[in-house]
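Sequence lines set the chain letters: A, B, ... in the order given, protein chains first and strands last, and positions in each chain run from 1. What you are looking at is a predicted structure, and each value in this text was computed from that prediction instead of being measured.
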Protein chains: 2
Amino acid sequence: MKNLTLKDIAAALNLSITTVSKALKDYPDVNTNTKERVKAYAKKVNFTPNAHAAFLRTQQSKLIGVVIPRLNHFFFSNVLRGIMKAAEEEDYMVIVLSSDESYELEKKQINRLLQQNVDGILLSIADSTHDTKHIDAIIEQKIPLIFFDKYSKLSNCSSVVINDQKAAFNAVEHLIKQGKKNIAHLRGPLLPQNSIDRFLGYRKALEQYGLEYRKEWVFTCDQISNEEGYAYTQEIIEKHPEIDAIFAVADMPAVGAIKCLNEQKIVIPDQIAVMGFSNWRISNLVTPTLSSVNQPGIKMGEKAFELFYKEQQLIKKGESVVYEKIELDTKLIIRQSS
Amino acid sequence: MKNLTLKDIAAALNLSITTVSKALKDYPDVNTNTKERVKAYAKKVNFTPNAHAAFLRTQQSKLIGVVIPRLNHFFFSNVLRGIMKAAEEEDYMVIVLSSDESYELEKKQINRLLQQNVDGILLSIADSTHDTKHIDAIIEQKIPLIFFDKYSKLSNCSSVVINDQKAAFNAVEHLIKQGKKNIAHLRGPLLPQNSIDRFLGYRKALEQYGLEYRKEWVFTCDQISNEEGYAYTQEIIEKHPEIDAIFAVADMPAVGAIKCLNEQKIVIPDQIAVMGFSNWRISNLVTPTLSSVNQPGIKMGEKAFELFYKEQQLIKKGESVVYEKIELDTKLIIRQSS
DNA sequence: CTGAAAGCGCTTACAG
DNA sequence: CTGAAAGCGCTTACAG
């Protein structure tokens, strides 16, 4: 069964292609009867217009591209779900590409999307991305670009993010209010803005509550893995027995920390409290359950799509676009580990 | 900066559109010099052919569609990675859609993909899918369809799967060889084939080793959640103190079981051993670590794309397609819980 | 070796 | 209210 075309329908109903096309799109200048005949027939034969032919005229592909640093990542899966849900409502479909945290791959993927004529690109930049030429190329082509979660301060476009600094501040503040005074930080890599911001939130909380900041209590998890969390916690136990709480840049290192503490029979949270970040499913499954900061991934995805859609509408109408930066609220989830 | 077209290049180089097009595609009947001029210029101005216009002629969109039951799922994320990796090598891009385990949504998503003229569809069917009319519609349109992981026995097409029955058999056999005699099974929902097959593997292992099968030792986890695993384990402890091992249909219920056993101070694996299925990242993070069956998700994705690509090549050449069923090897991962 | 022309399937300005 | 025609940007059979 070949796909039907407007021509086939026109022939079957003894109408012109023009009229069939107009009828299907509810143009006001088509006889109501004709419209109904056409629509009924189209439905009967299950006609769907050829998207590519339509693109050639309308310049709209009804496709957006999403580039994320990692596919296999609870948070980004959630963002993707949000994007796909919002996209579906406007009859958009989503091409998903992963940069694997690589700058080169990110560049390549963006080029592929541009070549496919997607109507917009939603991007969370890779940790290793250090310049923005490839990003500026999108903006030059007047294709809406929306950042989510990890963004570049250098590019002029809309974004939907969380306030990492504030979220980290709140998390550390909670530890302090639990009576903790010597708080270590398992930080993320040095480059990404959100890892920097979480670190800054940590420092700010210490400062505001009159606690001393000590460089040697900060450990860099380049892979943000549980192995790193495990190893650094081992080091903490051996070399820094005064430490009574650990704030991790993400849940994975925090889970590693819990594992190490459990094995060493150190009581959580009484001796050492642990706080994660991102509220992965796993935080609720470890023993003791892990306190964390919830990032609204699904909502972030929905908002990102909505921003894209709004921009596109403005561009279509020829109106000027005002870039927005949406900051979503995070929420402290207190569990047994703190 | 508008996108350039063949026309622009032809004008700039004083050639015809035909020649430019041929030169870029390395047609043999174009002067080598001309070819080089064209290619150099195209590169300079960063020309990329319009994919939609090309489709209208070639009927190839260089797009495939993937429909998975759940996006936020470690195993399917891995499959997706495999698909995307293999697709990238053939310059394909992937439209990802989720059926959310809903039959209706699955139907809808497939229709959307068909409308977008994807070159092929890779599908893992929803638990609630009970008929295959929507699937047959794909096959009728002569678009390659490949099943992965969850398939329908009723449809005639290629698939890449694991042998759930055998994998479950091996897992239970291992428990038996550890000296366990009264093995409970936390099974999945009644409909999906892989949940049935894992149950059958469980029964077969009991049978083969002369252990009695007892209906009341089988518990159905409709959500395949850790909460169900937790609750059923509670029930096992209270009502079936003779049980000395639990084989779960997936890691989530197994993790719930571990949590319950930990809380009740039941020693794992000495008093009760636990075996999961799928080898999620989490199985390595709980205490004790969870034994499980590794499903080669990435490889499954790669194979699924390769099957699609092979079929497409055959169709293009007008040769007849022979459907294949690829069965990938699983691997028993023994950790502390067994 | 080069190029004019048809056609893929749509949309839409225009004529009647 | 209906329809002929142009054109979106390609590819390719055909002519020269």
With both distances under 3.5 Å as the test, what is the Watson-Crick or G-U wobble partner of dA13(D)? none
So what's dA4(C) paired with, Watson-Crick or G-U wobble, going by both distances under 3.5 Å? none
Classify the nucleic acid contact of [X] as base, sugar-phosphate or nothing, counting any heavy atom under 4.0 Å across all strands shown.
X	answer
F55(B)	nothing
N50(A)	sugar-phosphate
N31(B)	sugar-phosphate
I17(A)	base
K25(B)	sugar-phosphate

Select from T18(B) and P28(B) the residue whose nearest nucleotide in DNA chain C is closer to the 5' end of that strand. P28(B)
Pairwise 5' ranking along DNA chain C for L56(B) and T19(B), keeping only the more 5' one: T19(B)
Quick test of your reading of the model: are D29(A) and K22(A) salt-bridged, counting only N-O distances below 4.0 Å? yes
Using 4.0 Å as the upper bound for N to carboxylate O, is an ion pair formed by K150(A) and E101(A)? yes
Base of dA4(D) paired with side chain of S16(A) (donor-acceptor, under 3.5 Å): no
Residue closer to the 5' end of DNA chain D, D29(B) versus F47(B) (nearest nucleotide): F47(B)
So which one's nearest nucleotide on DNA chain D is more toward 5', T48(B) or K22(B)? T48(B)
Protein-nucleotide distance ([X], atom [atom1]; [N], atom [atom2]), rounded to Å:
X	N	atom1	atom2	result
Q59(B)	dG9(D)	CD	C1'	15 Å
I9(A)	dG9(C)	CD1	P	13 Å
N117(B)	dG9(C)	CG	P	10 Å
L6(A)	dC8(C)	CG	C1'	13 Å
D26(B)	dT11(D)	CG	P	13 Å
K7(A)	dC10(C)	NZ	C1'	12 Å
Q115(A)	dC10(D)	CD	P	11 Å
Y27(A)	dC14(C)	OH	P	13 Å

Side-chain donor-acceptor pair under 3.5 Å between D100(B) and S102(B), yes or no? no
Do Q313(A) and E319(A) have side-chain N/O donor and acceptor atoms under 3.5 Å apart? no
Counting only side-chain N and O atoms of S21(A), is one of them less than 4.0 Å from OP1 or OP2 of dT11(C)? yes
Please report the interatomic distance CZ(F75(B)) to CE(M300(B)), rounded to the nearest 0.5 Å. 4.0 Å
For the side chain of R57(B), starting at C-beta, report the closest nucleotide among dC10(C), dT11(D), dG9(D). dT11(D)
Closest nucleotide among dC10(C), dG9(D), dG3(D) to the L15(A) side chain: dG3(D)
Check the angle between the aromatic planes of F305(A) and Y92(A) and answer parallel, tilted or perpendicular using the 30° and 60° thresholds. perpendicular
